[in-house]
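Take a look at the structure set out below.
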Amino acid sequence: MKIGITCYPTYGGSGIVATELGLELAQRGHEIHFITYAAPIRLDTTLENIHYHEVDVVTYPLFQYPPYDLALASRMAEVSELYELDLLHVHYAIPHSVSALLAQQMVASRRKLPFVTTLHGTDVTLVGADPTYFPITKFSIEKSDGVTTVSDFLRKETIDVFGVSRPIQLIHNFVNCDVYRPLDNRPTNPRPRLLHISNFRPVKRVQDCIRVLAEVRKHVDAELWMAGDGPERSPAERLAHELGIAPSVRFLGKQDHIERLIPQTDILLMPSEREAFGLAALEAMACGVPPVAAESGGVTELITNGVDGYLAPVGDVEKLSACVVQLLEDRSLAQRVSLAARHTAQTRFATSAVIPQYEEFYQDIVNQN
Ligand code: GMT
């Protein structure tokens with residue numbers, strides 16, 4: 001098939017899923033056209049079957065807000081005609097599904113251009129639920145030819161928040177277990193490393209990571225690696241100083257090669273208030289790094305508590321810390337959980353299990369149109 005993919009190309013789970021999906025589909029022989037304002041960070045545009053079309057947003061003194069969504073719609077329409085696309089797949093509803101709807105209408109007299117919207121989380125739970133964007137998000141979900149969500153939690157949430165009655169297909173996120181894998185012959189870290197990866201938004205409860213480290217350090221000489229950046233970084237840095245553990249916390253900033261970083265660590269911390277899926281936890285599991293996470297949203301569809309990771313109530317720093325200490329103090333338990341985590345990633349969330357679900361879904365959508 002010839003598929004146009006649009007996503008946020010910078011750091012963020014939805015863009016990563018969209019990029020990895022495009023790469024996997026290209027490897028399976030599909031022709032993939034990324035239509036975005038910048039090349040997605042994990043995309044090698046020289047690869048076979050991969051095309052990249054930049055969306056140029058022209059500014060003009062009259063525009064206080066340059067209309068990106070219109071430039072995107074124009075580019076989608078243009079690319080779909082030039083390359084005879086079978087469908088568009090947009091990731092994150094706002095504004096991508098609205099642009100896709102416009103593009104579809106622009107080319108309607110000449111070709112069918114069905115589009116699939118994948119909802120990733122905050123486009124439903126946070127931004128889309130805000131009164132500013134609620135009506136247009138609901139409209140674009142209803143008008144999409146196909147809608148998928150990355151967890152059953154998000155599927156139910158979409159129905160609750162938007163009151164939509166249209167079918168919504170659950171297709172869980174996936175991980176490439178050949179790229180995300182444990183290090184061969186990894187030496188034991190003399191100082192165990194906890195890892196947090198996020199965009200440092202309030203929903204991630206970044207400060208809980210610092211508090212967890214402070215608790216853990218009462219028992220084990222551990223350190224914390226903080227990968228990513230965002231508004232909660234400064235408050236977290238300040239808290240680390242206040243708690244006297246700043247020398248044990250490393251702020252690494254945004255990372256391009258998370259797959260090289262994760263296997264060097266021992267435990268992934270994900271204390272998020274809400275997480276539609278928790279891609280970083282899955283990537284860690286594939287690397288054999290057990291996640292210790294807050295029991296929120298779709299994370300419970302990924303982690304089985306006490307088997308392939310640990311779950312604790314949101315904000316329960318004491319319990320999160322106890323889980324971490326238990327894993328760090330009992331090497332054979334850590335080894336068991338690590339193997340189980342990798343096994344979960346390989347069996348339930350591997351690309352070979354999930355990509356065919358997208359292919360089948362695309363085919364159904366094209367056949368219906
Ligand atoms: O977590 C974020 O704020 C980024 C956001 C995104 O859309 O880029 O992530 C969402 O999509 C990821 C990929 O599907 C999911 O794994 C994350 O759970 C989800 N984030 C939230 O729901 C907060």
Q. Side chain to side chain contact (heavy atoms under 4.5 Å, CB included) between Val175 and Thr351: does it pass, once the steps are laid out?
A. CA-CA 6 Å; Val175 66; Thr351 47; over 6 Å; no
**Q.** Check: His96 side chain, His91 main-chain N or O, donor-acceptor pair, under 3.5 Å
**A.** yes
Q) Does some side-chain heavy atom of Gln169 sit less than 4.5 Å from a side-chain heavy atom of Val147? A) no
(Q) Taking Asp56's backbone N and O only, do any of them form a donor-acceptor pair with Arg75's side chain (distance below 3.5 Å, no angle check)? (A) no
**Q.** Interatomic distance, Ile159 atom CD1 to Ser165 atom OG [nearest 0.5 angstrom]
**A.** 9.0 Å
(Q) Within the supplied structure, the quantity of interest is the number of heavy atoms (other residues, nucleotides, ligands) at a distance under 6.0 Å from His219 NE2; does it exceed 12? (A) yes
Q) Considering only heavy atoms from C-beta outward, does the side chain of Leu119 approach that of Thr158 to under 4.5 Å? A) yes
**Q.** CD1 on Ile3 to OG on Ser80, rounded to 0.5 Å
**A.** 14.0 Å
(Q) Under the criterion ring-ring contact (aromatic ring centres under 6.0 Å, His included), I'd like the reasoning laid out for Phe162 against Phe134: C-alpha separation, chi angles, the key distance, then a yes or no. (A) CA-CA 8 Å; Phe162 294 107; Phe134 180 89; 5.1 Å; yes
Q. Is it true that a side-chain atom of Arg260 and a backbone atom of Asp256 form a donor plus acceptor pair closer than 3.5 Å?
A. no
Q) Going through the distances and angles, do Val55 and Thr36 end up as a side chain to side chain contact (heavy atoms under 4.5 Å, CB included)? A) CA-CA 6 Å; Val55 180; Thr36 48; 5.6 Å; no
**Q.** From CG (Asp123) to OG (Ser14), nearest 0.5 Å
**A.** 7.5 Å
Q.
Testing the basics here: between Pro192 and Leu328, what is the closest heavy-atom pair and its distance to 0.1 Å?
A. CB-CD2, 3.7 Å
Q.
Could you check whether Lys156 pairs with Asp160 (Lys NZ or Arg NE/NH1/NH2 to Asp/Glu carboxylate O, under 4.0 Å)?
A. no
Q) Any Lys/Arg nitrogen of Glu215 or Arg211 sitting under 4.0 Å from an Asp/Glu carboxylate oxygen of the other? A) no
**Q.** Derivation of the side chain to side chain contact (heavy atoms under 4.5 Å, CB included) call for Cys209 and Met226
**A.** CA-CA 9 Å; Cys209 297; Met226 303 287 275; 4.2 Å; yes
Q | Salt-bridge present (Lys204, Glu275; N to O < 4.0 Å) | A | yes
Q.
Contact between Thr19 and Ile41 at the side-chain level, heavy atoms closer than 4.5 Å - yes or no?
A. no
Q | Validation row: Met76, Leu88 side chains within 4.5 angstrom (heavy atoms) | A | yes
Q | From Leu327, Val307, Ile267, Val292, residue fulfilling side chain to side chain contact (heavy atoms under 4.5 Å, CB included) relative to Val337 | A | Leu327
Q. Side chain of His30, backbone of Met1: donor and acceptor closer than 3.5 Å?
A. yes
(Q) Is there a side-chain contact between Leu269 and Asp208 in this structure, where contact means two heavy atoms from C-beta onward sitting under 4.5 Å apart? (A) no
Q) Is the count of non-hydrogen atoms from other residues, nucleotides or ligands lying under 6.0 Å from Tyr133 atom OH greater than 12? A) no
Q.
Whether the side chain of Ser97 engages the backbone of Thr117 through a donor-acceptor N/O pair (distance < 3.5 Å, no angle test) should be reported.
A. no
(Q) Any salt bridge linking Arg238 with Glu242? Criterion: basic side-chain nitrogen under 4.0 Å from a carboxylate oxygen. (A) no
Q: Please tell me if the side chains of Phe153 and Glu301 come closer than 4.5 Å, counting only heavy atoms from C-beta onward.
A: yes
Q | Ionic contact status for Glu232 with Arg201, cut-off 4.0 Å | A | no
Q: Flag the pair Asp308 / Met285 as yes when at least one side-chain heavy-atom distance between them is below 4.5 Å, and no otherwise.
A: yes
Q) What is the minimum heavy-atom distance between Leu213 and Ala222, and which atoms define it? A) CD1-O, 3.7 Å
(Q) Contact between Phe277 and Leu302 at the side-chain level, heavy atoms closer than 4.5 Å - yes or no? (A) yes
Q | Distance-only polar pair, side chains of Thr122 and Tyr92, donor-acceptor under 3.5 Å | A | yes
Q. Which heavy-atom pair separates Ala26 from Ile32 by the least distance, and what is that distance?
A. N-CG1, 3.8 Å
**Q.** Glu360 atom CD: more than 12 heavy-atom contacts under 6.0 Å
**A.** no
Q. According to the interplanar angle, ranging from 0 to 90°, do the rings of Tyr83 and His51 count as parallel (below 30°), tilted (30 to 60°) or perpendicular (above 60°)?
A. tilted
Q) Are the side chain of Asn369 and the backbone N or O of Ile365 linked by a donor-acceptor pair below 3.5 Å? A) yes
Q: Could you check Ile136, Thr132, Asp130, Val127 and say which one makes a side chain to side chain contact (heavy atoms under 4.5 Å, CB included) with Ile94?
A: Val127
Q | N-O pairing of Asp86 and Lys2 below 4.0 Å | A | no
Q) Looking only at heavy atoms, what is the nearest atom pair of Pro95 and Tyr8, with distance? A) CD-OH, 3.1 Å
Q) Are more than 12 heavy atoms from other residues, nucleotides or ligands located less than 6.0 Å from atom NZ of Lys143? A) no
(Q) Tell me whether Gln255 contacts the main-chain N or O of Leu252 through its side chain, where contact means a donor paired with an acceptor under 3.5 Å. (A) yes
Q | Heavy-atom pair of closest approach, residues Ala293 and Leu320 | A | O-CD2, 3.7 Å
Q) Going from OG on Ser140 to CG on Leu101, what distance comes out if it is rounded to the nearest 0.5 angstrom? A) 7.5 Å
Q) Are Glu359 and Arg28 close enough for a salt bridge, meaning some N to O gap below 4.0 Å? A) yes
(Q) Please check this pair: side chain of Arg111 against backbone of Leu85, looking for a donor-acceptor N/O pair closer than 3.5 Å. (A) yes
Q) Quick one: which of Tyr358, Phe115, Phe361, Phe34 gives a ring-ring contact (aromatic ring centres under 6.0 Å, His included) with His89? A) Tyr358
Q) Less than 4.0 Å between a side-chain N and a carboxylate O, is that true for Asp316 and Lys319? A) no
Q) Taking atom types as modelled and ignoring hydrogens, do the side chains of His33 and Glu31 form a donor-acceptor contact shorter than 3.5 angstrom? A) yes
Q) Taking atom CD of Gln346 and atom CG of Asp178, what is their separation to the nearest 0.5 Å? A) 8.5 Å
Q: Could you tell me whether the side chain of Thr265 and the main chain of Leu194 form a donor-acceptor pair under 3.5 Å?
A: no
(Q) Is a donor from one side chain sitting under 3.5 angstrom from an acceptor on the other, for Asp145 and Gln104? (A) yes
Q.
With side-chain hydrogen bond (donor to acceptor under 3.5 Å, both in side chains) as the criterion, how do Glu24 and Asn176 come out once you've worked through the C-alpha distance, each side chain's angles and the decisive distance to 0.1 Å?
A. CA-CA 9 Å; Glu24 294 290 339; Asn176 184 328; 3.1 Å; yes
Q: Please check if the side chain of Arg191 supplies one atom and the backbone of Glu223 the other of a donor-acceptor pair under 3.5 Å.
A: no
Q: Enter the distance from Ser338:OG to Asp266:CG here, rounded to the nearest 0.5 Å.
A: 9.5 Å
(Q) Minimum heavy-atom separation for Ser151 and His172, please, with both atom names. (A) CA-CD2, 3.9 Å
Q: Check the side chains of Thr148 and Thr118 for a donor-acceptor pair under 3.5 angstrom, ignoring hydrogens and angles.
A: yes
Q: Please say whether more than 12 non-hydrogen atoms of neighbouring residues, nucleotides or ligands are located less than 6.0 Å from CD in Glu329.
A: yes
